[in-house]
Each structure stands twice: as structure tokens, then as C-alpha cells.
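Okay, so here's the structure we're looking at.
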Amino acid sequence: MVVLGIETTCDETAAAVVERDGNGAGKILSNVVLSQVHEHAIFGGVVPEIAARAHVEALDHIIERAMAEAGQTFDRLDGVAAAAGPGLIGGVIVGLTTAKAITLVNGKPLMAINHLEAHALTTRLTAGTAFPYCLFLASGGHTQIVAVCGVGDYHLLGTTVDDAIGEAFDKTAKLLGLGYPGGPQVEKDAARGDPARFKLPRPMHGRPEPDFSLSGLKTALRLEAESIAPLSDQDVADLCASFQQAVVEVIHDRLRVGMKRFRALHGTPTALVAAGGVAANQAVRKVLQRVAFENGIKLEVPPAELCTDNGAMIAWAGAERLALGLTDPLDFAPRARWPLEEVAGPKVAQVFQANAEQA
Ligand code: KG4
Ligand code: ZN
């Protein structure tokens, strides 16, 4: 089956066409991403209203390009998938409404996709990873440890009680006068810094619940920076290195606990899977490798362009759901908030169907 996927939940306008064969193997036919990062950079973060307008202006062309590069026409598609949340509501409305229009005109099924589910299932497109696996999702908006047991069968093991990890990187960069998005800049400066110079906290260390907290770390960093201001280039590098080292140690500790929890509840995972922009960080990857090694399982990290927001992951989640007969009605409402655990899977769909037949 061939599915078009549309992603507009944050600051990337993206569309892609993905094919899924009868054995469940996936192939990306096209994957077009237009980043709005330059439009938001002067504000030091994503401005929702600017993002929504930029999606409206760009989306038609991005879809046209994705379809052309895949050599597809709407009438040959098996379905259309769009991210229906969670995310900035203006952007979500743009993508979901566009998908609805295409499905209505062409008589195709619609799949309203949870953006987090799309991140969670990407590894099945890129590596054919079997269920159950342990997902570590770390982006600008999310930090989650999830047991992925099946399509629509997700169990949240741990999450952040305040900032997301990517957000902490972005705030650190902003504080130190580095550019946006902050993650890549902090990583670059950390490479020439001393990770042991500043004694920063490791929040939540040793706690029995695999949750994260990043805001105390951010505050500690600000106090250190203020106490030695004005900052030299080397000070900035040392602060970046010390911050990144703290984050890496926090991830190590929290994931170890998460992995223990996973085993107790779901048995041995087939893999530790990383997703989200933070997985692009080499120091983070190294510690994930370590956690996987300690657990005797492999680490799967999709290629960088599929770790960050893209249309292929939406199309793929759409194809996985379509293969199970999980489609959505045209009045499906866009959602700013939509926890992964509230995503309906085959079991819930069967109950709905049985109820409908009884009525
Ligand atoms: O998944 P993503 O592209 O977008 C969403 O937030 O959904 O993730 C972007 C986040 C940003 O906070 C960015 O600073 C962070 O991922 N990031 C990194 C790196 N590259 C991107 N964080 C640390 N190190 C990096 N190399
Ligand atoms: Zn994302």
C-alpha cells in the first residue's frame, strides 16, 4: 500500500510518500521537509502564529513535490495520513484539513496520526524492529520512555516533570548567547570544553520512577554563568560541556531505571530505540549505546533526518494503521494535547465496532 503523509505540528512543513508491502517492510518513495527555522530564529523559539501562516503558504507545494518525486497521483494512493496532534494547534489544523480535503475529493481513507506514535513507529520503517521495544523519545517538546508493544499499544514508563531535554539544550544556548535551535550549538561548543569544570546537579538521580526533571539543571547553569560573567569563549565551552555531561548522566540513570521497569512489566525488549532531535547528539548516542549494551540488546537510531520531524514517519504510521483497518472519520478533531497512551489501537477499534453493530 502507498500512503501520503503530512506533518505540520511544529516548525517543519513536511510531506512524504511511503510504501508498505504485504510483509510489513517499508520503503520511502519521497520525503520533502521545509524547515521554518530561519523564520523563528530571530525570536529564539517557535512562534505559533508565524508557524501556522508559513504552513498555509508552503504545504500545497510541498505535497506537490512529494507526490512528483514519488511518481504518484492522488487516485493511486491507498490512503492519506496527517499528524492530528499533539502540537501547535494552528499548524495541526492546516495539515489535517488539507489531508481531509485530499481524501474527500479522491475517495481515500484518512488516518489521523498521533505525532508521538509516528516517532515511535519510525524504527519499523527503517529497521523492521519487532515489538515490544523500549522507545526513548527526546525532542524540543517531549522526553518520554515508552514501552511500544504494538500499533496503538503504548505504555508510558517515564516522562519529564518540567522541561523537555531538547528545550533544556535550547534554553542553555539562549542563556549563553548561542543561536537557535540550541542543541547542535551546545554540542559543538561542548566539544572544546571541560565537562568537569562546573559541578551541576543530576536531577532525579537514583529515584525509583524513571522520570526526568531538567529545570533545576538549567537554573544551576544560569547561576554558575552569572557568577563568572562576563563569559569568555572558554567559559561558554566549559559551561556547555558541563551541561551536556550532566544531561548524559541523567539519561543514563533514568534509562537504566526505565529499562528495569520495562523488563518487569513487558519482558525483554527487542531493542532500545531513540527518536527525536536530541538523538542527533553524539554524546547522547554514546550513552544510549551503553544502556543498550548493559541490557544485552541492540540500539536502533533512525537516520538523523528521520529522527527529527518529517512526513515519512506520518505516512508510515498511517500505513501501519491502514494495514490493521484503523482509519479515521472526516470529523476527526485536531488536538493540541494528545498523550500517546490515549491513541486507539486495534482492541479499542474492535470494541467500537462491536458497540456500533449492537446499536
Ligand atoms: O524532534 P525535533 O526536530 O523537533 C521537535 O521538537 O519535535 O527536536 C528538536 C530539538 C531541539 O530542542 C534541538 O535543540 C534538539 O532537538 N537537538 C539537539 C541536537 N540537535 C537537535 N539537542 C542536543 N544535541 C543536538 N545535536
Ligand atoms: Zn517531533
Side-chain angles (χ1 to χ4, degrees), residues 5-14 16 31 33-37 40-41 43-46 48 51 55 82-88 91-92 95 113-123 135-144 146 160 162-176 178-191 193 195 212 214 217-218 240-241 243-248 250-251 273-288 301-314 316-317 336 338-340:
I6 297 169
E7 160 60 38
T8 54
T9 61
C10 192
D11 60 345
E12 260 96 27
T13 313
N31 190 22
V33 181
L34 176 71
S35 173
Q36 305 172 2
V37 73
H40 300 286
F43 302 101
V46 179
H55 287 307
L88 302 174
V92 177
I113 301 298
N114 178 298
H115 178 92
L116 304 173
E117 173 177 46
H119 275 303
L121 296 176
T122 302
T123 185
L135 174 76
F136 175 58
L137 172 62
S139 67
H142 301 279
T143 301
Q144 302 192 340
V146 183
T160 177
D162 40 57
D163 293 350
I165 296 181
E167 189 181 359
F169 269 97
D170 293 336
K171 286 179 176 171
T172 294
K174 200 171 181 179
L175 175 83
L176 299 177
L178 306 172
Y180 172 85
Q185 307 271 351
V186 171
E187 181 177 15
K188 206 167 127 231
D189 274 43
F212 292 81
L214 277 305
L217 179 54
K218 178 189 64 190
C240 285
F243 168 79
Q244 186 173 279
Q245 182 60 30
V247 170
V248 160
V250 164
I251 291 174
V273 174
V278 177
N281 184 295
Q282 291 304 322
V284 171
R285 279 186 186 223
K286 231 165 110 187
V287 80
L288 296 179
V301 190
E305 70 274 18
L306 296 176
C307 273
T308 55
D309 292 350
N310 64 86
M313 69 180 192
I314 304 297
W316 174 252
W338 186 6
L340 196 42

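What you see is a predicted model, and the numbers here were worked out from it, not measured in a lab. As the structure lists them, so they are numbered: ligands from 1, and atoms in each ligand from 1.
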Inset, instruction - For a side chain to side chain contact (heavy atoms under 4.5 Å, CB included) with His142, tell me which candidate from Ile165, Thr160, Leu116 qualifies. - result: Leu116
Legend entry - Close-contact set for ligand 1 against Phe169 heavy atoms, below 4.0 Å: 22 (N), 23 (C)
Legend entry - 4.0 Å heavy-atom contact, Cys10 with ligand 1: no
Legend entry - By side-chain hydrogen bond (donor to acceptor under 3.5 Å, both in side chains) - contacts of His40 (at least two apart): Gln36
Legend entry - Closest contact, heavy atoms only, Gly193 versus Pro195: O-CD, 3.4 Å
Legend entry - Side chain Glu187, main chain Gln282, donor-acceptor under 3.5 Å: yes
Inset, instruction - Only protein N/O/S atoms count here: give how many lie under 2.8 Å from the Zn ion (ligand 2). - result: 3
Inset, instruction - Identify the protein heavy atom lying closest to atom 4 (O) of ligand 1, giving its residue, its atom name and the separation to 0.1 Å. - result: Asp309 OD2, 3.7 Å
Legend entry - Per atom 2 (P) of ligand 1, closest listed option by heavy atom (Gly166, Gly277, Ala275, Gly87): Gly277
Legend entry - Interatomic distance, Thr172 atom OG1 to Phe243 atom CZ [nearest 0.5 angstrom]: 3.5 Å
Inset, instruction - Below 4.0 angstrom from a heavy atom of Gly276, which ligand 1 atoms are there? Numbered from 1 as shown, please. - result: 1 (O)
Inset, instruction - Around atom 26 (N) of ligand 1, find the nearest protein heavy atom and jot down its residue, atom name and distance. - result: Glu187 OE1, 2.7 Å
Inset, instruction - Quick one: closest heavy-atom pair of Pro302 and Cys307, and the distance? - result: O-SG, 3.2 Å
Inset, instruction - Mark up the atoms of ligand 1 that fall under 4.0 Å of a heavy atom belonging to Gly141, in ascending order. - result: 6 (O)
Legend entry - Side chains of Thr308 and Glu12 in contact at under 4.5 Å (non-hydrogen atoms): no
Inset, instruction - Answer side chain, backbone, both or neither: which part of Asn281 comes under 4.0 Å from ligand 1, heavy atoms only. - result: both
Inset, instruction - Look at atom 25 (C) of ligand 1 and say which protein heavy atom is nearest, naming residue and atom and giving the distance to 0.1 Å. - result: Gly183 C, 3.5 Å
Inset, instruction - Measure from the side-chain N and O atoms of Thr122 to the backbone N and O of Met313, and report whether any donor-acceptor pair falls under 3.5 Å. - result: no
Legend entry - Subset of ligand 1 atoms that lie under 4.0 Å from at least one heavy atom of Thr308: 1 (O), 3 (O)
Legend entry - Side-chain H-bond candidate by donor/acceptor type, His115 with Thr9, under 3.5 Å: yes
Legend entry - Closest heavy-atom pair and its distance - Ala16, Asn31: CB-OD1, 3.5 Å
Inset, instruction - Enter the distance from Leu137:CG to Glu117:CD here, rounded to the nearest 0.5 Å. - result: 12.5 Å
Inset, instruction - If you have a sec, work out which protein heavy atom is nearest atom 12 (O) of ligand 1 and how many Å separate them, to one decimal? - result: Asp170 OD2, 2.7 Å
Inset, instruction - Would you give the length of the straight line joining atom NE2 of His119 to atom CD1 of Ile314, rounded to the nearest 0.5 angstrom? - result: 7.5 Å
Inset, instruction - Examine Gly140 against ligand 1 and note whether any of their N/O atoms are separated by less than 3.5 Å. - result: yes
